[in-house]
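Beneath this line is the structure, given in structure tokens, with notes to follow.
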Amino acid sequence: GEERGKSLPEFVQVSTPSYSGTHMEGFHAALHAVVRQLTVSKIKTGSVNLLPGFISSADTRLLKEIVSDFGLQATILPDLSETLDGQALLDYQLIPDGGTKVEDIRKMGGARTTIEFGRTLAGYETAGRLLAEKFQVSHLRIGTPIGIRETDSFFDSLCSLNGMPVPERHAAARGRLVDSLVDGHKYVSGRKAIVYGEEDLVVGLVSFLAEIGIHPVLCASGGNSGKLGEAIGKVTGDILDYEPEVHDNTDFFEISEQARKLQPDLIVGHSKGYPLARELGIPLVRVGFPIHDRLGGQRLLHLGYQGAQEMFDTIINAMIAKKQDDSPVGYSYM
């Protein structure tokens with residue numbers, strides 16, 4: 001960069017990690033390096049640093065709306081809202097517009113606080129930890145806000161920053177979500193699921209599935225933080241009366257071997273699970289990255305009450321469709 005006499009771009013963009021989850025340590029190391037090299041200012045800005053990890057473009061746009069609704073300014077790193085889901089253009093751009101402004105990264109040392117998503121990050125040298133140590137920016141690490149309880153925790157954090165209640169728009173979204181859970185839980189209660197993907201995505205998904213009555217029987221990731229089992233225990237310990245089977249640093253061969261024994265009712269994860277779902281004859285609910293056999297993976301919402309609502313409806317409808325397809329006569333009403 002500038003240290004070698006080269007000018008920096010106006011925005012910084014961070015490469016996406018491998019689907020397996022084994023490179024998330026490298027992903028966080030990249031963010032750590034960006035902040036270490038660029039952040040220089042301790043001038044108080046009153047803004048919030050938000051480090052969400054690797055989430056969809058739609059999730060990033062939702063986070064921007066949430067923070068704005070709380071009357072806060074945030075620097076989101078990385079910001080994939082436009083770079084992975086941009087507009088149609090007449091001229092091809094090798095590097096798309098968007099990303100996090102270098103100017104804003106320079107000022108992250110003067111923020112009010114850093115909110116970092118990830119229950120499995122304790123062993124990593126993260127950007128949030130660096131900002132706390134080097135610039136004394138308060139550091140709050142919470143679970144990825146997937147489902148009601150983890151989203152409640154995120155909103156509580158925002159409420160504490162400015163003393164305002166949850167904005168009506170989001171309170172109403174939570175209310176609609178709870179109402180839909182009352183209506184739809186009977187279609188999934190007691191069903192068994194296999195969940196896989198990047199570690200903190202798996203933790204959030206397992207928390208959400210347990211909330212809606214689904215039993216996660218296998219939670220798997222290619223990640224190797226060593227924290228996956230502990231994190232899943234924290235988010236499910238007061239909901240489930242058993243400990244889900246947890247496999248980290250694993251691959252699809254091992255997942256498939258276990259799946260055949262566990263006889264799940266559905267699989268929750270990215271598109272790489274399609275061959276297994278097809279073999280077992282059960283639905284695959286596509287979440288995370290990569291989604292390469294369906295349109296619009298970058299527009300999938302996972303976070304917040306809105307993301308939970310989308311996932312709940314998708315899961316319910318996948319289970320209803322499976323029941324219809326298996327029925328010898330079919331039926332037209334739920």
Side-chain angles (χ1 to χ4, degrees), residues 1-2 8-14 28 30-55 57-83 97-119 121 124-145 150-174 200 303-307:
E2 289 181 329
L8 285 162
E10 181 183 0
F11 295 86
V12 165
Q13 301 176 9
V14 178
H28 289 289
L31 295 186
H32 183 278
V34 167
V35 171
R36 185 183 70 247
Q37 294 174 27
L38 297 182
T39 303
V40 294
S41 176
K42 295 180 66 174
I43 299 174
K44 298 302 181 182
T45 63
S47 64
V48 176
N49 299 324
L50 190 53
L51 308 177
F54 183 61
I55 57 178
S57 297
D59 285 328
T60 307
R61 288 191 289 268
L62 177 62
L63 286 180
K64 289 182 175 181
E65 293 173 4
I66 290 172
V67 172
S68 177
D69 289 342
F70 271 91
L72 299 168
Q73 291 185 330
T75 297
I76 300 178
L77 182 67
D79 181 352
L80 306 177
S81 58
E82 300 298 329
T83 57
D97 291 333
T100 309
K101 290 183 179 180
V102 170
E103 176 186 357
D104 292 337
I105 299 175
R106 293 191 188 283
K107 299 176 181 177
M108 290 177 74
R112 296 174 60 182
T113 191
T114 299
I115 300 177
E116 188 171 47
F117 296 164
R119 287 183 175 271
L121 298 180
Y124 292 147
E125 291 293 331
T126 66
R129 182 174 174 183
L130 172 66
L131 289 165
E133 294 174 349
K134 186 175 181 180
F135 297 99
Q136 291 74 55
V137 179
S138 65
H139 181 206
L140 178 62
R141 182 178 291 151
I142 61 176
T144 303
E150 294 289 75
T151 300
D152 284 350
S153 177
F154 174 48
F155 275 76
D156 287 345
S157 301
L158 296 178
C159 289
S160 68
L161 288 175
N162 60 5
M164 68 177 288
V166 175
E168 177 57 30
R169 171 192 171 195
H170 301 287
R174 188 185 192 279
D200 279 300
L303 305 189
Y305 305 124
Q306 293 93 327

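All residue numbers refer to positions in the sequence shown, counting from 1.
The structure places OG of Ser41 at 7.5 Å from NZ of Lys107, a figure rounded to the nearest 0.5 Å. Of the inter-residue distances, the one linking Asp59 atom CG with Leu80 atom CG reads 10.5 Å to the nearest 0.5 angstrom. A distance of 5.0 Å separates CD of Gln306 from CG of Leu62, quoted to the nearest 0.5 Å. Separating the CG atom in Asp104 from the CG atom in Leu77 is a distance of 10.0 Å, to the nearest 0.5 Å. Atoms OG and CZ, from Ser157 and Phe70 in turn, are 9.5 Å apart once rounded to the nearest 0.5 Å. To the nearest 0.5 Å, atom CD1 of residue Ile76 and atom CD1 of residue Ile55 are 7.0 Å apart.
Of the N and O atoms on the side chains of Ser81 and Thr60, not one donor lies less than 3.5 Å from an acceptor on the other residue. A donor and an acceptor atom, one from each side chain of Thr126 and Glu116, are located under 3.5 Å apart.
Shortest non-hydrogen contact noted between His28 and Gly53 is CE1-CA, 4.5 Å. Here the closest heavy-atom approach between residue Pro78 and residue Pro52 is recorded as O-CG, 4.4 Å. Closest heavy-atom contact between Val35 and Ala127: CG2-CB, 3.7 Å.
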Arg36 and Glu125: CA distance, side-chain angles, deciding distance, salt bridge (charged side-chain N to carboxylate O under 4.0 Å, His left out) verdict: CA-CA 11 Å; Arg36 185 183 70 247; Glu125 291 293 331; over 6 Å; no
Step-by-step salt bridge (charged side-chain N to carboxylate O under 4.0 Å, His left out) determination, Lys64 to Asp79: CA-CA 10 Å; Lys64 289 182 175 181; Asp79 181 352; 2.8 Å; yes
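Asp152 has a carboxylate O that lies under 4.0 Å from a charged side-chain N of Arg174, or vice versa, which qualifies the two as a salt bridge.
Side-chain atoms of Thr75 and Leu50, non-hydrogen and from C-beta on, never get closer than 4.5 Å to each other. In this structure the side chain of Asp200 never reaches within 4.5 angstrom of the side chain of Phe117, judged on heavy atoms.
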Check residues 164-173 and write down every donor-acceptor pair under 3.5 Å in which the side-chain atom is one partner and the other belongs to a residue at least two apart or another chain.
residue: Arg169; atom: NH1; partner: Asp69; partner atom: OD2; Å: 3.0
residue: Arg169; atom: NH2; partner: Glu65; partner atom: OE1; Å: 2.8
residue: His170; atom: NE2; partner: Asp69; partner atom: OD2; Å: 2.7

Let me have the donor-acceptor pairs involving side chains of residues 42-49, under 3.5 Å, with sequence neighbours excluded, atom names and distances please.
residue: Lys42; atom: NZ; partner: Gln136; partner atom: OE1; Å: 3.4
residue: Thr45; atom: OG1; partner: Ser47; partner atom: N; Å: 3.3
residue: Thr45; atom: OG1; partner: Ser47; partner atom: OG; Å: 2.8
residue: Thr45; atom: OG1; partner: Gly110; partner atom: O; Å: 3.4
residue: Asn49; atom: ND2; partner: Met108; partner atom: O; Å: 3.0
residue: Asn49; atom: ND2; partner: Thr114; partner atom: OG1; Å: 3.1

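Remark: side-chain polar atoms of Thr39 are paired, donor with acceptor, to backbone N or O of Ile105 under 3.5 angstrom.
More than 12 heavy atoms of other residues, nucleotides or ligands lie within 6.0 Å of CD in Glu133, so this atom counts as buried by the packing criterion.
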